[in-house]
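It should be emphasised that the depicted structure is a prediction, and the values quoted were computed from it without experimental measurement. Side chains are part of it too, since the values below use all heavy atoms of this structure and drop only hydrogens, waters and symmetry mates. To find a chain, count down the sequence lines: A is the first, B the second, and so on, and within it residues start at 1.
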Protein chains: 2
Amino acid sequence: MQPEISDQILYSFLIGGSCASSTTTTTTRSSFYPFAMEDTSSQDKALATTLRKHREGERMRRERINSSLNKLRNLLSCNPKTDKATLLAKVVQRVNELKQQTLEISNENVPSETDEISVLNFENCSNDDGRIIFKVSFCCEDRPDLMQDLVETLKSLQMETLYAYMTTIGGRTRNDLVVVGNKEQHSVESVKLLQNAFESLLERSNQSVMMGHGGGRERSKRRRPLDHIKRV
Amino acid sequence: MQPEISDQILYSFLIGGSCASSTTTTTTRSSFYPFAMEDTSSQDKALATTLRKHREGERMRRERINSSLNKLRNLLSCNPKTDKATLLAKVVQRVNELKQQTLEISNENVPSETDEISVLNFENCSNDDGRIIFKVSFCCEDRPDLMQDLVETLKSLQMETLYAYMTTIGGRTRNDLVVVGNKEQHSVESVKLLQNAFESLLERSNQSVMMGHGGGRERSKRRRPLDHIKRV
DNA sequence: CTGCACACGTGATCC
DNA sequence: TGGATCACGTGTGCA
């Protein structure tokens, strides 16, 4: 990447160095040169202007970089005096979190080809308020009365829908439900109740599809649902 | 921020400067000094070690920063040779996008107290594939047959649900639907069709609630839906 | 005073 | 060539 071997050293003061001294006003600094620079040949002048352009270019570059860094400080709502290093580390962490969140929401909610059920209880929801929370996900053929069937199933289990995310594409549907029940009526064991209830719901779904449409539906319309709306 | 006024210039070569010269191997550079440095007093030695520590510290700092920058290059899946400036600009843009996405999904999907409808067509979805996409959002009282009613409404309009995000809390429900129709049957004007259809759907909803429950439902169970599950 | 973080100007490098 | 970017070592201020 870099010249790791070049031990050649060019002494910058020969052309007016002095490494760090910030004067935002572009003062002509030739008078400060400690040694004989009276022989200002045209070559030296050209080199001086080259260096000046270089210097100002670098300044602009640093400004652009720091501008973005300040924007990131605001976006992450952290102290304006946060170090560059820790700030960038936080940015990496945050981008990872956000990517995973949107990926969970967008990418996994695609109806699968085969019927599937998954039930689990939310361990990380440890509010001791007498409620217990489960997440139910399933894929099956779509049918008009599926939603009502779903609502009645939950009602029979004495559970409420906290939120639902559902995707329907080309006759297949995928539903992710977060449901909540009272702890007096439900425990971790209710996972099995939910599993059984939704298994029979899927069986009913298959039967109804078989009778209603003869089992054959066109699949050509299927697409990935969010590709047209938002990217991952 | 910086000393904008200090015009005082310290010539670094007085203590062995030469501003830039990359030798990753920490060679003893005293032999390169162009002027009389033979009087290596203890002060000079101490200063030399100070400078060496300073130099190495800066190297470590740069390493930390560049490490995070490389991670960000991977996270944004852009060219490994992307400039720092443009990379950081892209990071700012990406973080903004991701923040808005999760905010749309998590925070806005809370049922409002009053009944509301909003219909708009997706301008930014410019796929020229003969389909036109709308987003419908509405809040109303919940009822068991709402979903079926919704499905039938869309079917009567010859539209398909691309995806739906629905939240139900304490008897109130908020639904965000992305629906798609054929361009031969629909245009931007179909916004009004959708608006009318969902207005009558909400009217039916209110009537059914009035008749079924006498209009009074307890609201004490209401909570913000996602506070228990994921942070914003 | 020690350590840490930043801005600066410069040489080298790439297109 | 020239413009743009990088790593480097240093000066300087802050805790």
Short side-chain N/O contact to D:dG9 OP1/OP2 from B:Arg52, under 4.0 Å: no
First encountered from the 5' end of DNA chain C, between A:Ala85 and B:Lys53: B:Lys53
Donor-acceptor pair between A:Asn175 and A:Thr173 side chains, under 3.5 angstrom: yes
A:Arg61 side-chain N/O to D:dC6 phosphate OP1/OP2 under 4.0 Å: yes
Exercise: identify the closest heavy-atom pair between A:Val92 and B:Ser68: CG2-O, 3.7 Å
Under-4.0 Å side-chain N/O to phosphate OP1/OP2 contact, B:Arg62 with D:dG9: yes
d(CG, B:Leu87; P, D:dC6) in whole Å: 9 Å
For atom CG of A:Asn66 and atom C1' of C:dC8, their distance in whole Å: 12 Å
Distance, rounded to the nearest Å, where A:Glu58 contributes CD and C:dC8 contributes C1': 9 Å
Closest-nucleotide ordering on DNA chain D, the 5'-leading residue of B:His54 and A:His54: A:His54
Base of D:dC8 paired with side chain of B:Glu56 (donor-acceptor, under 3.5 Å): no
Option from A:Leu120, A:Val179, A:Val180, A:Val178 for which side-chain contact (heavy atoms from CB on, under 4.5 Å) with A:Phe134 holds: A:Val179
Under-4.0 Å side-chain N/O to phosphate OP1/OP2 contact, A:Lys81 with C:dA5: no
Among C:dG3, C:dC8, C:dT10, the one nearest A:Leu51 by side-chain distance: C:dT10
For A:Lys135, the option from A:Leu194, A:Asp176, A:Leu177 that meets side-chain contact (heavy atoms from CB on, under 4.5 Å): A:Asp176
Among C:dG9, D:dG9, D:dG3, the nucleotide that comes nearest once only the side chain of B:Arg55 is considered: D:dG9
